[in-house]
Amino acid sequence: MPLSDDQIKAIEFRSPTSIPIRIGLLPATWKKYRGELEPIVRRHPLAFGPPVENRDYDAVWSDTYHLGDHVDEWGCVWSNVAEGMEAIVTGHPVPSREDVHRLQEPKSVADGFKHGFMYLRLADLRGFEELMLDFAEDAPELAQLIDIVLRHNEKVLAKLLARLPRGEIFWFGDDLGMQSGLAMGAAKWRKYLKSCFLRLLMPARRAGIWVYMHTDGQIYEIIPDLVDCGIHVINPQIRANGLDNLVRVCKGKICVDLDLDRQMFPFATPRDIDQHVKEVVMKLGDRAGGLWLQAECAPDVTLENIEAIAVAMEKYRTWWS
């Protein structure tokens, strides 16, 4: 997907005409509100994109967003109890360290990276608690497991680089943080996983592809490390990281596509939302660039608040004028 002129200028700190904005609506949100959402989306094309004719309100973008169980190419079992929302992994194909020695990577190579391509893939394979013990005990099988996943990811990367032209942006997504810090700690992440991200992200950057890194949870302490790995745009969550921490580690150093506070959206008033967006822009914004804004709305966000988010984004995207 090619970037807009303002997105590129924001990445390069070359004074965009406005802050790039967008609002994402989960499939479950469309499924709930259906045609009631259309007038809002059509009133705010800057935030939602151009109108879509004959929209399928029940469409989903991934097998794991369908109700029931789904087995992926690694043998992980995803279970979903809410159509249009993401599933969780309930079946881990490598439950013991001995199983690591028998693990085979998928024979097919995907056209791109799915969300959770590195760290979360390890957790999906082993199970969270077992993986945390592997990190804590520096289990030899951990390095073997990482090598298997990394080797497969490098095949995906090679296929990706063969088809993507220079100037395109590619989205890498892996939730590295919890609500308060990295589960394995920053030191273990640097020891075991930083080199993996360096080997996967930097070649894309060198190929002239814009590197976008989405990562949920509190990850501000490793954002400088991710910059070392080659990212152009970081997509963190504001509540988990704290606005002041993001200002300290990111402002003037890396373009932030800030995930506005989705945890407040179901409970906020339109005025609360206006003040939230204003504070973000006043603190993290810079006329030189370095900021995009995005919001994700689940079905627990009211129609009034969905529109309030769009209004506030439009209001403050040219805050300097």
Side-chain angles (χ1 to χ4, degrees), residues 10-11 22 24 86 88-89 113-126 128-129 131-132 134-136 142 146 149-150 153 169-202 204-205 210-265 276 279-280 283-286 290-296 298:
I11 291 173
R22 77 181 187 283
E86 178 62 291
I88 62 170
V89 175
F113 290 100
K114 295 181 179 179
H115 178 265
F117 65 97
M118 194 66 233
Y119 161 64
L120 286 181
R121 175 56 67 193
L122 303 176
D124 292 345
L125 289 167
R126 288 283 283 124
F128 179 76
E129 292 183 2
L131 182 65
M132 290 304 104
D134 291 345
F135 277 112
L142 175 60
I146 289 172
V149 174
L150 177 60
N153 280 335
I169 187 167
F170 192 79
W171 180 92
F172 293 86
D174 204 2
D175 296 340
L176 303 177
M178 306 288 280
Q179 196 69 26
S180 56
L182 279 70
M184 82 295 292
K188 293 283 188 177
W189 182 86
R190 293 184 180 111
K191 177 179 179 179
Y192 285 104
L193 292 175
K194 182 175 179 178
S195 61
C196 300
F197 286 92
L198 184 65
R199 285 170 60 175
L200 295 170
L201 304 183
M202 189 58 76
R205 183 184 182 111
W210 298 106
V211 178
Y212 180 108
M213 181 68 193
H214 160 81
T215 178
D216 282 347
Q218 189 182 98
I219 46 83
Y220 70 86
E221 63 183 319
I222 64 164
I223 288 178
D225 298 278
L226 291 170
V227 173
D228 291 344
C229 292
I231 65 169
H232 294 98
V233 184
I234 184 74
N235 173 223
Q237 294 178 307
I238 185 171
R239 179 174 290 235
N241 290 286
L243 181 55
D244 290 340
N245 287 326
L246 293 173
V247 170
R248 177 169 52 83
V249 300
C250 297
K251 189 169 183 177
K253 302 166 188 172
I254 182 69
C255 183
V256 177
D257 185 17
L258 188 65
D259 188 359
L260 294 171
D261 194 351
R262 67 179 79 168
Q263 290 169 287
M264 76 172 281
F265 293 156
H276 171 55
E279 181 186 23
V280 165
K283 288 188 175 182
L284 196 54
D286 191 315
L291 180 63
W292 306 355
L293 293 176
Q294 72 149 296
E296 181 180 272

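In what follows, residues are counted from 1 in the order of the sequence shown. None of the values given here were measured: they were computed from a predicted structure.
- Going from atom CD of Glu296 over to atom CG of Asp261 covers 12.5 Å, rounded to the nearest 0.5 Å.
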Item to complete: Evaluate the side-chain contact (heavy atoms from CB on, under 4.5 Å) criterion for residues Ile223 and Leu246: first the C-alpha distance (whole Å), next the side-chain angles of each, then the deciding distance (0.1 Å), finally the verdict.
Response: CA-CA 9 Å; Ile223 288 178; Leu246 293 173; 3.9 Å; yes
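- Gly217 approaches Ala240 most closely through the heavy-atom pair C-CB, 3.6 Å.
- In terms of heavy atoms, Lys194 sits closest to Cys229 at O-SG, 3.7 Å.
- Inter-residue side-chain proximity for Ile238 and His276 is flagged as met; some heavy-atom pair is nearer than 4.5 Å.
- Across Met184 and Tyr119, no two heavy atoms sit closer than the pair CE-CE1, 3.2 Å.
- Rounding to the nearest 0.5 Å gives a distance of 7.0 Å between CG of Leu226 and OG1 of Thr215.
- Taken to the nearest 0.5 Å, the CZ atom of Phe117 stands 6.0 Å off from the CG atom of Leu200.
- When all heavy atoms of Val256 and Cys250 are compared, the closest pair comes out as CG2-CB, 3.5 Å.
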Item to complete: Start with the C-alpha distance between Asp174 and Arg121, add both sets of side-chain angles, then the distance that settles side-chain contact (heavy atoms from CB on, under 4.5 Å), and finish with yes or no.
Response: CA-CA 9 Å; Asp174 204 2; Arg121 175 56 67 193; over 6 Å; no
Item to complete: Any chance you could lay out the side-chain contact (heavy atoms from CB on, under 4.5 Å) test for Gln237 and Arg262, step after step, and finish with the verdict?
Response: CA-CA 9 Å; Gln237 294 178 307; Arg262 67 179 79 168; 3.9 Å; yes
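- Although no hydrogens or angles enter the test, the distance criterion places a donor-acceptor pair under 3.5 Å between the side chain of Asn241 and the main chain of Ile219.
- Ion pair Asp259/Arg239 not flagged as a salt bridge, since none of the NZ, NE, NH1 or NH2 atoms sits closer than 4.0 Å to an Asp/Glu carboxylate oxygen.
- Partners of Glu221 under the salt bridge (charged side-chain N to carboxylate O under 4.0 Å, His left out) rule, at least two apart in sequence or in another chain, do not exist in this structure.
- When the side chain to side chain donor-acceptor pair (under 3.5 Å) test is applied to Lys253, no partner is found at least two apart in sequence or on another chain.
- Leu198 and Asp228 get closest at one heavy-atom pair: CD1-O, 3.6 Å.
- Within the model, atoms CG of Leu260 and CD of Gln294 stand 8.0 Å from one another, a figure rounded to the nearest 0.5 Å.
- Of the possible polar contacts, none joining the Asn235 side chain to the His214 backbone as a donor-acceptor pair under 3.5 Å is found.
- The ring pair (Phe, Tyr, Trp, His ring centres under 6.0 Å) pairs that include a residue from residues 219-265 are Trp210-His232, where partners are two or more places apart or lie in different chains.
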Worksheet item: Step by step, would you call Leu122 with Asp134 a side-chain contact (heavy atoms from CB on, under 4.5 Å)?
Response: CA-CA 11 Å; Leu122 303 176; Asp134 291 345; over 6 Å; no
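- Between Phe135 and Tyr192, the ring-plane angle classifies as perpendicular under the 30° and 60° cut-offs.
- Taking all atoms of both residues into account, the shortest heavy-atom contact from Leu201 to Val211 is O-CG2, 3.8 Å.
- Atom CZ in Phe170 sits 6.5 Å away from atom CZ in Phe113 (nearest 0.5 Å).
- Taken to the nearest 0.5 Å, the CG atom of Asp257 stands 7.5 Å off from the CG atom of Leu293.
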